[in-house]
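Before I ask anything, here is the structure I am working with.
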Amino acid sequence: MNTGICVIGGGAAGIAAAISAARFGASVTVAEGNSRVGKKLLQTGNGRCNLSHVSPAAEDYFGDRDFIKDVLGELGTTGAFTFFKSLGVLLHSDGEGRVYPYSNSANTVLDALRRELDRLGVNVVTDCRITEISGADGAFVLAGSETIKAKKVVLASGGCAAPSTGSDGGGFVLLERLGVKHTPLRPALTGIKCGGTARFKGVRAKARVTLLRGASRVASADGEVQFTDRGLSGICVFDVSRFAEKGDVVNVDLLPDYTPELAAGLLEELDCGRNLPPAELLGGLFNRRLAEAAAANAKGAGFAALAESAKSLCFKAEGVMPFANAQVTAGGVPASEIGSDLQVGRVPGLYLAGELLDVDGKCGGYNLHWAWCSGIRAGREAAASI
Ligand SMILES: Cc1cc2nc3c(=O)[nH]c(=O)nc-3n(C[C@H](O)[C@H](O)[C@H](O)COP(=O)(O)OP(=O)(O)OC[C@H]3O[C@@H](n4cnc5c(N)ncnc54)[C@H](O)[C@@H]3O)c2cc1C
């Protein structure tokens with residue numbers, strides 16, 4: 001099979017790259033290992049597809065910030081709204097700036113993307129896992145269930161997160177064979193494995209999660225913590241997981257809106273002079289099992305000690321949950337390996353997009369936003385170079 005551009009991987013970045021290249025006038029083939037494109041997309045945002053954020057900035061990402069800023073510029077100030085409008089998809093944002101399709105359904109997004117691929121005549125080859133990239137600029141040969149000859153290649157095979165969706169890190173192996181390096185890979189936006197959480201399994205609580213390493217405060221985030229039999233989960237835990245290491249202490253502050261002094265005053269006020277048992281008093285503020293643990297941990301009697309304990313429920317980190325449970329990959333191909341056109345320096349004609357790159361964002365739509373921006377740019381640049 002001959003094509004102008006072959007996009008390897010039909011995830012968010014690959015689909016965006018294919019649309020962008022085809023809109024530029026190139027003949028495009030997408031090779032996707034799964035039996036259909038966009039498998040992971042359907043799982044995002046709990047099926048609601050938090051596909052962007054109203055104000056994504058380089059500071060919301062980890063990686064080379066100048067490079068990230070440059071690529072984010074691809075969707076300009078209107079962000080994802082204009083791109084999705086061009087696909088007939090209306091977006092809306094919630095109170096925290098997270099952007100979703102108006103339908104709140106990932107299916108709407110994937111259907112629109114697939115319709116556009118169809119309309120543009122993009123050839124989508126499914127069940128086609130590419131196992132080798134050979135040849136050179138203008139005459140690449142891609143080996144898979146079909147052999148595809150392409151003038152240019154966009155590799156958008158994702159990272160290692162959620163390998164059951166097809167992104168099992170195979171793209172890095174293809175690149176290593178071509179001499180393209182990547183930084184160490186680790187799961188990010190994932191749960192933190194901790195001892196001692198099983199007794200709170202199923203409990204959710206508003207809290208501030210702080211990672212402590214010795215006397216240093218490594219990272220902190222506010223939100224809803226979910227206790228599981230293996231550790232801690234929830235968006236705020238995901239946001240600090242990137243930094244977590246075995247041996248860290250995870251401090252869960254169950255009264256994040258109150259200083260220790262204000263918290264002690266609050267407890268005194270709620271007690272109303274009744275001298276309630278500590279667990280009962282805390283039980284008016286959060287889950288009974290957490291209240292009992294905080295009451296038992298209090299160092300001494302009195303409201304100040306109880307407040308202090310409620311603000312410092314501590315767990316020992318045993319590491320982070322594996323790629324199977326992670327939303328993204330930290331690490332990837334660094335900006336130093338590619339130009340601002342997303343072309344690999346040592347392999348002219350090969351472009352990269354999406355999570356494969358050494359860029360990962362916070363929770364809140366930033367990672368899909370990156371996939372759209374980098375995909376659109378890689379596809380257009382590849383098409384423009386033919
Ligand atoms: C459960 C979950 C929820 C998430 N929720 C959100 C969210 O709400 N908002 C957000 O911004 N981000 C979210 N993310 C992260 C976001 O989905 C990813 O960052 C994004 O999808 C990455 O896009 P990508 O195209 O680079 O890679 P992927 O979406 O992983 O796509 C890569 C594709 O390439 C294919 N492929 C891999 N190797 C080959 C090969 N050799 N040959 C052919 N095909 C190949 C794979 O099958 C896959 O379809 C979530 C992730 C998960 C796992």
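Order of listing sets the numbers, starting from 1, for every ligand and every atom in it.
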Nearest protein heavy atom with distance in Å, relative to atom 8 (O) of ligand 1: G45 N, 2.8 Å
If I apply the N/O under 3.5 Å rule, does A13 come out as touching ligand 1? yes
protein heavy-atom neighbour closest to atom 48 (C) of ligand 1 works out as E32 OE1, 3.6 Å
Using the six-membered ring of F62, assess whether NZ or CZ of R242 lies under 6.0 Å from its centre and within 45 degrees of the ring axis. yes
Would you kindly specify which portion of W370 sits under 4.0 Å from ligand 1, judged on non-hydrogen atoms: side chain, backbone, both or neither? neither
Please report whether the ring centroid of Y102 lies less than 6.0 Å from that of F84. no
I'd like to know whether ligand 1 has G365 as a neighbour, heavy-atom separation below 4.0 Å. yes
Check if R129 has a non-hydrogen atom at a distance under 4.0 Å from any atom of ligand 1. yes
Tell me: protein heavy atom nearest atom 27 (O) of ligand 1, and distance? G158 CA, 3.3 Å
Can you tell me which residue and heavy atom of the protein come closest to atom 30 (O) of ligand 1, and the distance to 0.1 Å? K40 NZ, 2.8 Å
Students should be able to answer this: which protein heavy-atom is nearest to atom 31 (O) of ligand 1, and at what distance? G11 CA, 3.3 Å
Before accepting this row, confirm whether a basic side-chain N of the pair K246/E318 lies closer than 4.0 Å to the acidic partner's carboxylate O. no
Looking only at distances, please establish whether an N/O atom of ligand 1 is found under 3.5 Å from an N/O atom of E355. yes
Quick one: does C128 get within less than 4.0 Å of ligand 1, heavy atoms only? yes
So is A162 polar-close to ligand 1, meaning N/O to N/O under 3.5 Å? no
Considering heavy atoms of the protein only, find what lies nearest to atom 51 (C) of ligand 1 and give residue, atom and distance to 0.1 Å. Q327 O, 3.3 Å
Salt-bridged, R36 to E32, with N to O below 4.0 Å? no
R204 atom CZ, over 12 foreign heavy atoms within 6.0 Å: no
Begin with the C-alpha distance, continue with both residues' side-chain angles, and end with the deciding distance and a verdict on side chain to side chain donor-acceptor pair (under 3.5 Å) for R23 and S86. CA-CA 11 Å; R23 283 181 176 176; S86 78; 3.0 Å; yes
Could you tell me whether D168 and R129 have a side-chain N and a carboxylate O separated by less than 4.0 Å? yes
Is it the case that T228 and K201 place a side-chain donor and acceptor less than 3.5 Å from each other? no
For ligand 1, is there an atom lying under 4.0 Å from some heavy atom of A161? no
When you measure from the centre of the six-membered ring of F200, is the NZ or CZ of R289 closer than 6.0 Å and no more than 45° off the axis? no
Could you tell me which atoms of ligand 1, counted from 1 in the order shown, lie closer than 4.0 angstrom to a heavy atom of I8? 40 (C), 42 (N), 43 (C)
Pairs of nitrogen or oxygen atoms closer than 3.5 Å, one from A12 and one from ligand 1: do any exist? yes
Could you tell me whether the side chain of L75 reaches within less than 4.5 Å of the side chain of H369, counting heavy atoms only? yes
salt_bridge(K311, E308) N-O dist < 4.0 Å: no
Proximity of L368 to ligand 1 by residue part, where a heavy atom lies under 4.0 Å: both
If the threshold is 4.0 Å, N to carboxylate O, is there a salt bridge linking E74 and R377? yes
Pair F140, K151 - check side-chain contact (heavy atoms from CB on, under 4.5 Å), show working. CA-CA 6 Å; F140 284 105; K151 293 192 174 98; over 6 Å; no
Qualifying salt bridge (Lys or Arg N to Asp or Glu O under 4.0 Å) pairs with a residue from residues 88-113, counting only residues at least two apart or across chains: D94-R98, E96-R98
A156, portion touching ligand 1 at heavy-atom distance under 4.0 Å: backbone
Short N or O distance, A353 and ligand 1, threshold 3.5 Å exclusive: no
Test: D239 and K362 ion pair at under 4.0 Å: no
Looking only at distance, does L356 have an N or O less than 3.5 Å from an N or O of ligand 1? no
Looking at ligand 1, does A31 have a heavy atom less than 4.0 Å from it? yes
Select the closest option to atom 17 (O) of ligand 1 among T44, V99, I133, N34, judged by heavy-atom distance. T44
Give yes if a backbone or side-chain nitrogen or oxygen of N367 is under 3.5 Å from a nitrogen or oxygen of ligand 1, and no if not. yes
Give yes or no for whether the N/O distance cutoff of 3.5 Å, strictly under, is met between H369 and ligand 1. no
Close-contact set for ligand 1 against Y366 heavy atoms, below 4.0 Å: 11 (O)
Strictly by salt bridge (Lys or Arg N to Asp or Glu O under 4.0 Å), give each pair with a member in residues 330-339 just once, sequence neighbours left out. E337-R346
For V328, the ligand 1 atoms with a heavy-atom partner under 4.0 Å come out as 15 (C), 19 (O)
What's the shortest distance from atom 41 (N) of ligand 1 to any protein heavy atom, and which residue and atom give it? I130 O, 3.0 Å
Which of the numbered atoms in ligand 1 are under 4.0 angstrom from any heavy atom belonging to G354? 26 (O)
If you measure from the Lys or Arg side-chain nitrogens to the Asp or Glu carboxylate oxygens, is any gap between R380 and D341 under 4.0 Å? no
Look only at interatomic distance and state if A326 has a nitrogen or oxygen under 3.5 Å from any nitrogen or oxygen of ligand 1. no
In Å, rounded to the nearest 0.5 Å, how long is the span from CG of D248 to OG1 of T210? 12.0 Å
With a heavy-atom distance limit of 4.0 Å, tell me whether D168 approaches ligand 1 through its side chain, its backbone, both, or neither. neither
Heavy-atom nearest neighbour in the protein, as seen from atom 38 (N) of ligand 1, with distance rounded to 0.1 Å: S157 CB, 3.4 Å
